[in-house]
Amino acid sequence: MQLTVNGQRREVTHPDEMLVWVLRDELGLTGTHYGCGIGACGSCTVLIGGQVTRACLTPASAAAGREVTTVEGLARGERLHPVQQAFLENPLQCGWCLPGHLMSAAALLERTTDPTPAQIEEAAGINLCRCGGYNSIRRAVARAAELKRGGL
């Protein structure tokens, strides 16, 4: 089976495995983290067809024919995505949850370029941060929106 991941067609030999393991073990894309394994923490979040998806609960076969975007796929060459730049400016303590927050924020900014604090809270709230970095996360998402509106 083939998947399109970060704009590239990739051959997958274990389509019945959960997407997180196919991405990490088969395709070597280790930016997607495995956390709780029950979809609660969000560290495995990727985008499938632009939709926030828990890779620990999704068989790779479910992504066939749709674009999968991982945290590795956000930057364009050397140019960081606005959410990557914003989280560099507002770092988290350990960063384990970071891929999930980046992907959720990227999806939010695709839906709206000027999110309200409530929209940021809702988007960020689907992921857990074991270090309690929620204030930094909210600042980073708001900053990412500013950067995106400014053309970064």
Side-chain angles (χ1 to χ4, degrees), residues 3-8 10 17-24 27 29-152:
L3 291 179
T4 303
V5 181
N6 299 331
Q8 296 183 326
R10 306 285 301 267
E17 288 286 328
M18 291 300 154
L19 184 59
V20 66
W21 301 123
V22 169
L23 293 170
R24 291 182 60 83
L27 303 180
L29 298 169
T30 58
T32 302
H33 290 171
Y34 178 78
C36 65
I38 58 171
C41 74
S43 62
C44 67
T45 300
V46 298
L47 304 181
I48 298 179
Q51 299 298 308
V52 171
T53 304
R54 301 295 203 229
C56 73
L57 299 177
T58 305
S61 59
R66 300 173 9 193
E67 174 70 28
V68 177
T69 306
T70 70
V71 69
E72 291 94 340
L74 289 179
R76 295 290 173 247
E78 298 295 317
R79 186 174 173 197
L80 294 178
H81 188 282
V83 297
Q84 292 170 311
Q85 181 62 44
F87 275 87
L88 281 174
E89 296 173 11
N90 297 277
L92 300 178
Q93 187 171 342
C94 84
W96 187 257
C97 62
L98 186 57
H101 284 289
L102 290 171
M103 300 312 293
S104 296
L108 171 65
L109 296 182
E110 285 302 314
R111 294 190 307 270
T112 179
T113 57
D114 194 14
T116 65
Q119 289 171 313
I120 291 171
E121 184 74 31
E122 181 180 345
I126 65 169
N127 298 316
L128 300 178
C129 174
R130 63 186 179 186
C131 302
Y134 296 105
N135 288 333
S136 290
I137 293 164
R138 287 188 285 270
R139 281 193 303 270
V141 176
R143 175 71 176 136
E146 290 174 13
L147 292 169
K148 186 164 183 161
R149 287 191 304 271
L152 178 66

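For clarity, every value in this text was computed on a predicted model and none was experimentally measured.
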For Gly95 and His33, work out which heavy atoms get closest and say how close.
O-CE1, 4.1 Å
Please tell me whether Arg10 and Thr4 have a donor and an acceptor in their side chains that are separated by less than 3.5 angstrom.
no
What's the spacing between Leu102 CG and Leu74 CG if we round to 0.5 Å?
6.5 Å
Within the 4.5 Å heavy-atom criterion, are Val46 and Thr58 side-chain neighbours or not?
no
Would you find a donor on one side and an acceptor on the other, under 3.5 Å apart, between the side chain of Ser43 and the backbone of Cys41?
no
Would you say that Ile48 contacts Leu19 through its side chain, given a criterion of any heavy-atom pair below 4.5 Å between the two side chains?
yes
Listed once per pair and sorted, the salt bridge (charged side-chain N to carboxylate O under 4.0 Å, His left out) pairs that draw on residues 75-90, sequence neighbours left out
Glu89-Arg143
Once rounded to the nearest 0.5 Å, what's the spacing between atom CD of Gln119 and atom CZ of Arg111?
8.0 Å
Distance-only side-chain donor-acceptor flag, Glu72 / Thr70, under 3.5 Å:
yes
Beyond-backbone contact of Val20 with Cys56, side-chain heavy atoms, under 4.5 angstrom
yes
Would Arg54 and Ile38 count as a side-chain contact (heavy atoms from CB on, under 4.5 Å) here? Give the steps.
CA-CA 9 Å; Arg54 301 295 203 229; Ile38 58 171; over 6 Å; no
State, to 0.1 Å, how close Ala55 and Cys44 come at their nearest heavy-atom pair, and which atoms those are.
CB-O, 3.2 Å
At what distance, to the nearest 0.5 angstrom, does CD of Gln93 lie from SG of Cys129?
8.0 Å
Does the plane of the ring in His101 sit parallel, tilted or perpendicular to the ring in Tyr134? Use 30° and 60° as the thresholds.
perpendicular
Just how far is it from atom CG of Leu109 to atom CZ of Arg149, taken to the nearest 0.5 Å?
9.0 Å
Give the minimum heavy-atom separation between Gly42 and Asn127, together with the two atoms involved.
CA-OD1, 3.3 Å
Rounded at 0.5 Å granularity, tell me how far CD in Gln8 sits from CG in Leu3.
12.5 Å
Distance in Å, Leu147 CG paired with Thr113 OG1, rounded so as to fall on 0.5 Å steps:
13.0 Å
Any side-chain heavy-atom pair from Val141 and Arg138 closer than 4.5 angstrom?
no
Hey, are the side chains of Met103 and Val52 touching, using non-hydrogen atoms and a 4.5 Å cut-off?
no
Which pair of non-hydrogen atoms, one from Pro91 and one from Ser136, has the smallest distance, and what is that distance?
O-OG, 3.8 Å
Restricting to non-hydrogen atoms, name the atom on Trp96 and the atom on Tyr34 that form the minimum distance, rounded to 0.1 Å.
CZ2-O, 3.0 Å
Closest non-hydrogen atoms of Ala107 and Gly50, given as atom of the first, atom of the second and distance, are CB-O, 4.2 Å
Can you name the one residue among Gln85, Glu110, His81 that meets side-chain hydrogen bond (donor to acceptor under 3.5 Å, both in side chains) with Lys148?
Glu110
Side-chain contact test, heavy atoms from C-beta onward, threshold under 4.5 Å: evaluate it for Pro59 versus Glu17 and give yes or no.
no
Qualifying residue for side chain to side chain contact (heavy atoms under 4.5 Å, CB included) with Ile137, from Leu92, Ile120, Leu98:
Leu92
Side-chain heavy-atom pair Asn6, Leu29 within 4.5 angstrom cut-off
yes
